[in-house]
There are 2 protein chains.
Amino acid sequence: MKNMHYTRDNMAELLRGHDINPTHQRIEIAHALFSRQEHLSADQVMAIVNTRHSETSKATVYNTLKLFLEKRLIRELIVDPSKVFYDPNTTPHHHIYEIDSGKMSDIDADQVKITGLPPLPDNMVTEGIDLIVRIRNKN
Amino acid sequence: MKNMHYTRDNMAELLRGHDINPTHQRIEIAHALFSRQEHLSADQVMAIVNTRHSETSKATVYNTLKLFLEKRLIRELIVDPSKVFYDPNTTPHHHIYEIDSGKMSDIDADQVKITGLPPLPDNMVTEGIDLIVRIRNKN
DNA sequence: TCCGGAAGTTAGACAAAGTCTAGATTATTG
DNA sequence: CAATAATCTAGACTTTGTCTAACTTCCGGA
């Protein structure tokens, strides 16, 4: 997704590539997420999509985000107890979370090494590893 | 806290040691958490504490858990999007989360090494590092 | 002992995120 | 064009957590 122009057409292409039927609403939601490359909550996605005139309902925003998750188009960030954030960057990476401001930034997974994790039971697979560094201002 | 008998008296002692005035309700809540050494949600804490007869209100459960957090008696686990869990184990450790069942288990931080994390801005301090391994059943 | 304030607790109203339902729209296919 | 499947929608509902204002308990000093 580097150097990509986030046109609606390209969004449709992206959706098709993930087995998602590119409807108007889905294209708008994908566009909101990918053109910003930021971590957005469902609320924020909805606000962005509906800025000019109402384009999608709350139910559709939630349904669509869930669909994108299943199809591995985006990633879910469970970091703030009050709401989930969605991350259009699905490459392996970790997060720094500023507790006070809520600001989040990425750490490329390449530079980070995690060793010594215990082996999993045979019938289990790793769905993902979330590493979150919580930081705050010195007093 | 190894080999400790989780009597109410010992709970009171523990609370005093963390600058917390040991009231009846606080002792009961601490007892619920520490005698089990499990990750409990606010809901679960309340259910446990009020099994026999009503002992504490919802407001007190939430107030008390927040107080325990501030005084670093327990730790907050943000793992499930729908609710926060509280962990009586404050020694450095990480978590394995079974997505389907919600079951959580600990990984001692001693055996795990994390290297290559970027340096923080000068005015910032690390509040904590959360490492969560999300696993699920093979199909 | 009595008074008064501080600390703690409470019921219940409230807020916000997210889910669900049942009907309306749109697209697709024979 | 009709039938069917897929998608979208408003709004009711659920759940977790917060807030408020009143009530209780505790404690130190006169």
Side-chain angles (χ1 to χ4, degrees), chain A residues 8 11-12 15-16 18-33 39-50 52-71 73-87 99 102, chain B residues 8 11-12 15-16 18-33 39-50 52-71 73-87 99 102:
Chain A
R8 264 73 178 170
M11 288 302 104
L15 294 180
R16 272 187 220 99
H18 284 255
D19 271 326
I20 300 169
N21 185 9
T23 64
H24 173 60
Q25 287 87 340
R26 287 169 183 171
I27 288 171
E28 287 306 312
I29 291 171
H31 185 260
L33 280 159
H39 316 88
L40 300 177
S41 65
D43 241 33
Q44 292 174 308
V45 169
M46 182 142 150
I48 291 169
V49 168
N50 292 331
R52 286 164 183 283
H53 29 76
S54 177
E55 311 224 32
T56 69
S57 68
K58 187 164 74 147
T60 297
V61 170
Y62 278 98
N63 288 342
T64 301
L65 289 171
K66 198 176 276 181
L67 177 67
F68 285 4
L69 266 184
E70 274 165 22
K71 300 295 189 179
L73 187 62
I74 60 176
R75 202 171 127 178
E76 192 181 33
L77 293 185
I78 304 169
V79 162
D80 183 297
S82 73
K83 59 180 65 160
V84 172
F85 285 86
Y86 297 90
D87 188 345
I99 295 173
Chain B
R8 264 72 179 171
M11 287 302 103
L15 294 180
R16 273 188 219 98
H18 284 254
D19 271 327
I20 300 170
N21 185 8
T23 64
H24 173 61
Q25 287 88 339
R26 288 168 182 173
I27 288 170
E28 288 305 311
I29 290 171
H31 186 259
L33 280 159
H39 317 88
L40 301 177
S41 65
D43 241 33
Q44 291 175 309
V45 169
M46 183 143 150
I48 291 169
V49 168
N50 291 333
R52 286 163 184 283
H53 28 75
S54 177
E55 310 224 33
T56 69
S57 68
K58 187 166 74 149
T60 297
V61 170
Y62 278 98
N63 289 341
T64 301
L65 289 170
K66 198 177 276 181
L67 177 68
F68 285 5
L69 266 184
E70 274 165 22
K71 300 294 189 179
L73 186 62
I74 61 176
R75 202 172 128 180
E76 193 180 31
L77 293 185
I78 303 168
V79 162
D80 183 298
S82 75
K83 59 180 66 161
V84 173
F85 285 86
Y86 296 90
D87 188 346
I99 295 172

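Here is the naming used below: chain letters follow the sequence lines, and residue numbers restart at 1 for every chain.
- In this view, A:Arg8 and A:Glu28, A:His31 satisfy the side-chain hydrogen bond (donor to acceptor under 3.5 Å, both in side chains) rule, not counting sequence neighbours.
- Expressed to the nearest 0.5 Å, how far NE2 of B:His39 lies from CG of B:Leu33 amounts to 10.5 Å.
- Scanning all heavy atoms of the two residues, the minimum distance from A:Gln44 to A:Phe85 falls at OE1-CE2, 3.7 Å.
- Between the CE atom of A:Met46 and the P atom of C:dA17 there is a distance of 11 Å, rounded to whole Å.
- Rounding to whole angstrom units, NZ of residue A:Lys66 and P of C:dG18 are separated by 10 Å.
- Atom CG of A:Asp43 and atom P of C:dT19 are 13 Å apart (whole Å).
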Throw together a table of side-chain donor-acceptor distances under 3.5 angstrom for residues 62-69 of chain B, partners on residues two or more places apart or in other chains.
{"unit_1": "B:Asn63", "atom_1": "ND2", "unit_2": "B:Ala59", "atom_2": "O", "d": "3.2"}
{"unit_1": "B:Thr64", "atom_1": "OG1", "unit_2": "B:Thr60", "atom_2": "O", "d": "2.6"}

For each nucleotide in nucleotides 7-13 of chain C, reading 5' to 3', give B when a protein heavy atom comes within less than 4.0 Å of its base, S when such contact involves only the sugar-phosphate, and - otherwise. -SSBB--
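- With sequence neighbours left out, the side-chain hydrogen bond (donor to acceptor under 3.5 Å, both in side chains) criterion links B:Asp80 to B:Ser82, B:Tyr97.
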Go through the steps to decide whether B:Asn50 and B:Thr56 satisfy the test side chain to side chain contact (heavy atoms under 4.5 Å, CB included), and finish with yes or no. CA-CA 7 Å; B:Asn50 291 333; B:Thr56 69; 4.0 Å; yes
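- Contacts of B:Glu55 classified as side-chain hydrogen bond (donor to acceptor under 3.5 Å, both in side chains), with partners at least two apart in sequence or in another chain: B:His24.
- Once rounded to the nearest 0.5 Å, the distance linking CD1 of A:Ile20 with CE of A:Met11 reads 11.5 Å.
- Contact footprint of chain B on DNA chain D: nucleotides with an atom under 4.0 Å from a non-hydrogen protein atom, first to last in 5' to 3' order, D:dT16 to D:dC19.
- Within residues 74-85 of chain B, the residues having any heavy atom closer than 4.0 Å to DNA chain D are, in order of number, B:Ser82, B:Lys83, B:Val84.
- Not counting sequence neighbours, B:His18 has no partner by the side-chain hydrogen bond (donor to acceptor under 3.5 Å, both in side chains) test.
- Nearest heavy-atom pair, A:Ala32 versus A:Leu40, reported as atom, atom and distance to 0.1 Å: O-CD1, 3.9 Å.
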